[in-house]
Novice: 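Once you've had a glance at the structure underneath, I'll fire off some questions.
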Amino acid sequence: MTSNTPACEIGLIGLGTMGRNLALNIADHGFAVAVYNRTADKTREFMAEVVGKPIAAAYDLGEFSRRLKKPRAVLLLVAAGPPVDAMITELQPYLEPGDLIIDAGNSHFRDTDRRGQELAAASLLYMGLGVSGGEAGARFGPSLMPGGPPAGYQRVEPILRAVAAKVRGEPCVAYLGTGSAGHYVKMVHNGIEYGLMQLIAETYDLLKNGLGLENADLHQVYTRWHQAELASYLVEITAQIMKIRDAQTGGWLLDVIVDRAGEKGTGIWTSQEALALRVPIPTIDAAVSQRALSGLREERSAASAVLPGPPARPADQPENFIAKVKNALLAGMFITFAQGLALLRRASRHYGYQVDLAQVARIWRGGCIIRAAILDDIRTAYGRDPELANLLLAPNLRPGLLAIHPDLRTVVAAAVLAGIPVPGLAASLSYFDAYRRAWLPANLIQAQRDYFGAHTYERLDASGRFHTDWQKLASQDQ
Ligand code: NDP
């Protein structure tokens, strides 16, 4: 595009991995897009690759602003945190009341609320847009999780619907609510992603070290799983990872990768937020902790020499055990979604987002990292009962879970006896067992708290709060 080209429908700042691909995706759908990047060389490089597409480069923010149709809409795809604030501060002088800024990075939802309020005071609209699907998603169809002022969403809805992934013709985008709803949903998405990845990693450990399967066998197993109820992006890529050879050694690439997982913090945010709202998400918490444990590589290595465990061999026929591990993973995945969506349900009420959980399940079915066949049933569950307290109770899902949960129990028990750590599967099972129990031993915790701290307790047979001088009664009894 030249400087004479008509004004662009949208502007995009940040030509990193996500920004470049999203700009191309937007342009391929016929929307003219103006791009700007802090480092001008990257813009020049990008423009050399996109000749003929409706993409206009700007090398300063004044030029960028002039290239946009009014009221302007600007997508930010810069690194999360202070760079977003810095970019907004730089951009603001070139904007006018009614213009819209959309932060499409992984911002913390509290930052999104703060920025939205600050910009509203300057009569600017601000939206938080969760984007999932990585590089390929951004290029060919991500799952998009927008939140913020409805007027802002309506303005960019045609573009977002066009660029989003499509599942049976439906775009994986829906307006999720006011304020930081979009970034909140994206945060929970990432928490669920942590949980699912941990569960799959545990099945890999069980099949590799418990059953002694080779990577080629594992490729077959995960491929088979992906062809049935476990169909999901993460199981699919796991199958593919198993068959990749290392160019240097000729062996399996996976086997030369260090067993220490990194993270950018969004899983921790989910756990922190769930703790703050008192919503149990133990599978996701376990996944976060297990990444931290993977980081203690030197300590683990030293400990392995002095803390022996049992031989890592679950006692079962291999094919039987593989079938049980498959069901255990399916149950664990389902329970992880139940936890994440329970958090979203509570948060939606707490923060007033009014998130429609059926829509969330719908837009997670395509484009994003946690896309999975079971989301169709999850969507149906919330579609039939938007007030569903917990997915475990959904009439369309409950029978299936009840049928497979014994395998989750068997697999966790086998793993425990074989000394194979399965914190994600075990946390999923305990969540299920605790949720389905009418009675939990929390009466003892009430009594203990009252004993040492006079925190009082409630009784089953009377209303109100009670206190007992436990120490006095105990000493009288001696
Ligand atoms: P990259 O690291 O590839 O690119 C970062 C971009 O941010 C670059 O354009 C960089 O500009 C710009 N930037 C960094 N600091 C500043 C600053 N202080 N002022 C102005 N611009 C700055 O990041 P990604 O494209 O991967 O990620 C962008 C956002 O999208 C992040 O919030 C990320 O968490 C999120 N995201 C990423 C996904 C992924 O798979 N990569 C998936 C979903 C969301 P410069 O070239 O000048 O350095």
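Computation of the quantities below employed the complete heavy-atom set of this structure, encompassing side-chain atoms and omitting hydrogens, waters and symmetry-equivalent molecules. Order of appearance sets the numbers: ligands from 1, and atoms from 1 within every ligand.
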Novice: Check if Arg20 has a non-hydrogen atom at a distance under 4.0 Å from any atom of ligand 1.
Specialist: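 Not so, Arg20 does not reach ligand 1.
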Novice: Taking N or O atoms only and a 3.5 Å limit, does Arg38 qualify as a polar contact for ligand 1?
Specialist: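 Checking ligand 1 against Arg38, an N or O pair does fall under 3.5 Å apart.
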Novice: For a salt bridge (charged side-chain N to carboxylate O under 4.0 Å, His left out) check, start with the C-alpha distance between Glu96 and Arg72, then their side-chain angles and the critical distance, and finish with the verdict.
Specialist: CA-CA 8 Å; Glu96 292 169 286; Arg72 301 173 184 85; 2.8 Å; yes
Novice: Is it the case that more than 12 heavy atoms not belonging to Gln354 sit under 6.0 Å from its CD atom?
Specialist: no
Novice: Salt-bridge test for Asp376 and Arg379: reply yes if a basic N is under 4.0 Å from a carboxylate O, no otherwise.
Specialist: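 Not counted as a salt bridge, because no side-chain N and carboxylate O are separated by less than 4.0 Å.
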Novice: Determine whether the aromatic ring centres of Tyr184 and Tyr353 lie less than 6.0 Å apart.
Specialist: yes
Novice: Out of all atoms in ligand 1, which are within 4.0 Å of some heavy atom of Ala79? Include the element for each.
Specialist: 7 (O), 14 (C)
Novice: Starting from atom 28 (C) of ligand 1, what is the nearest protein heavy atom, named by residue and atom, and what distance separates them?
Specialist: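 I find the closest protein heavy atom is Leu77 O, 3.7 Å.
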Novice: Test Arg371 against Glu236 for salt bridge (charged side-chain N to carboxylate O under 4.0 Å, His left out), laying out the working first.
Specialist: CA-CA 11 Å; Arg371 61 184 184 260; Glu236 181 182 18; 5.1 Å; no
Novice: What residue and atom, counting heavy atoms only, is the protein's closest point to atom 23 (O) of ligand 1, and at what distance?
Specialist: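 Looking at atom 23 (O) of ligand 1, the protein heavy atom closest to it is Thr17 N, 4.5 Å.
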Novice: Can you confirm whether the side chains of Ser271 and Asp285 place a donor and an acceptor under 3.5 Å from each other?
Specialist: yes
Novice: What residue and atom, counting heavy atoms only, is the protein's closest point to atom 42 (C) of ligand 1, and at what distance?
Specialist: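 That would be Met18 CE, 3.5 Å.
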Novice: So which bit of Leu15 gets within less than 4.0 Å of ligand 1, heavy atoms only: side chain, backbone, both or neither?
Specialist: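 For Leu15, the contact with ligand 1 is made by the backbone alone.
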Novice: Any idea which atoms of ligand 1 are less than 4.0 Å away from a heavy-atom of Val131?
Specialist: 43 (C), 44 (C)
Novice: Please work out whether the ring planes of Trp364 and His189 are parallel, tilted or perpendicular, with thresholds of 30° and 60°.
Specialist: perpendicular
Novice: Are any of the N/O atoms on Gly134, whether in the backbone or the side chain, positioned under 3.5 angstrom from an N/O atom of ligand 1?
Specialist: no
Novice: Does one side chain, of Asn25 or His29, offer a donor that lies under 3.5 Å from an acceptor on the other?
Specialist: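 Note: Asn25 and His29 side chains meet the donor-acceptor criterion.
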Novice: Give the atom numbers and elements of ligand 1 that come within less than 4.0 Å of a heavy atom of Thr39.
Specialist: 45 (P), 46 (O), 47 (O), 48 (O)
Novice: Do you know the tightest heavy-atom contact between Ser132 and Lys186?
Specialist: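 Scanning both residues completely, I find the closest heavy atoms to be CB-CE, 4.0 Å.
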Novice: Atom 35 (C) of ligand 1: which protein heavy atom is closest, and how many Å away?
Specialist: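 For this ligand atom, the closest protein heavy atom is Asn106 N, 3.7 Å.
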Novice: If we only count N/O pairs under 3.5 Å, is Ala86 in contact with ligand 1?
Specialist: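 No, no N or O pair falls under 3.5 Å.
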Novice: Please determine if Lys42 has a nitrogen or oxygen closer than 3.5 Å to a nitrogen or oxygen of ligand 1.
Specialist: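 Lys42 vs ligand 1: N/O contact under 3.5 Å present.
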Novice: May I ask you to identify the nearest protein heavy atom to atom 21 (N) of ligand 1, giving residue, atom name and distance to one decimal place in Å?
Specialist: Val78 CG1, 3.7 Å
Novice: Is there a protein heavy atom at a distance of less than 4.0 Å from atom 18 (N) of ligand 1?
Specialist: yes
Novice: How far is atom 4 (O) of ligand 1 from its nearest protein heavy atom, and which residue and atom is that?
Specialist: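 The closest one turns out to be Gly16 CA, 3.4 Å.
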Novice: Assign the ring pair Tyr153 / Tyr175 to parallel, tilted or perpendicular, where the plane angle (0 to 90°) is split at 30° and 60°.
Specialist: tilted
Novice: Which of the numbered atoms in ligand 1 are below 4.0 angstrom from a heavy atom of Gly14?
Specialist: 9 (O)
Novice: Starting from atom 20 (C) of ligand 1, what is the nearest protein heavy atom, named by residue and atom, and what distance separates them?
Specialist: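 Result for atom 20 (C) of ligand 1: Met87 SD, 3.5 Å.
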Novice: With the threshold set at 4.0 Å, does a side-chain nitrogen-carboxylate oxygen contact exist between Arg139 and Asp28?
Specialist: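 A salt bridge links Arg139 with Asp28.
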Novice: Provide, to 0.1 Å, the distance between atom 11 (O) of ligand 1 and the closest protein heavy atom, together with that atom's residue and name.
Specialist: Asn37 OD1, 3.6 Å
Novice: Give the atom numbers and elements of ligand 1 that come within less than 4.0 Å of a heavy atom of Lys264.
Specialist: 34 (O)
Novice: Under a 3.5 Å threshold, yes or no: a donor from one side chain and an acceptor from the other, between Thr283 and Ser428?
Specialist: yes
Novice: Does atom CZ of Arg161 have more than 12 heavy-atom neighbours from other groups under 6.0 Å away?
Specialist: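 For Arg161, atom CZ is not crowded (no more than 12 foreign heavy atoms under 6.0 Å).
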Novice: Does ligand 1 have any atom that is closer than 4.0 Å to a heavy atom of Glu90?
Specialist: no
Novice: For atom 30 (O) of ligand 1, is some protein heavy-atom partner under 4.0 Å away?
Specialist: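 So far as the 4.0 Å threshold goes, atom 30 (O) of ligand 1 is in reach of a protein heavy atom.
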Novice: Output the list of atoms in ligand 1 that are nearer than 4.0 Å to some heavy atom of Pro83, sorted by atom number.
Specialist: 15 (N), 16 (C), 17 (C), 18 (N)
Novice: For the backbone of Thr17 and the side chain of Asn21, can you confirm whether one donor and one acceptor N or O come within less than 3.5 Å of each other?
Specialist: yes
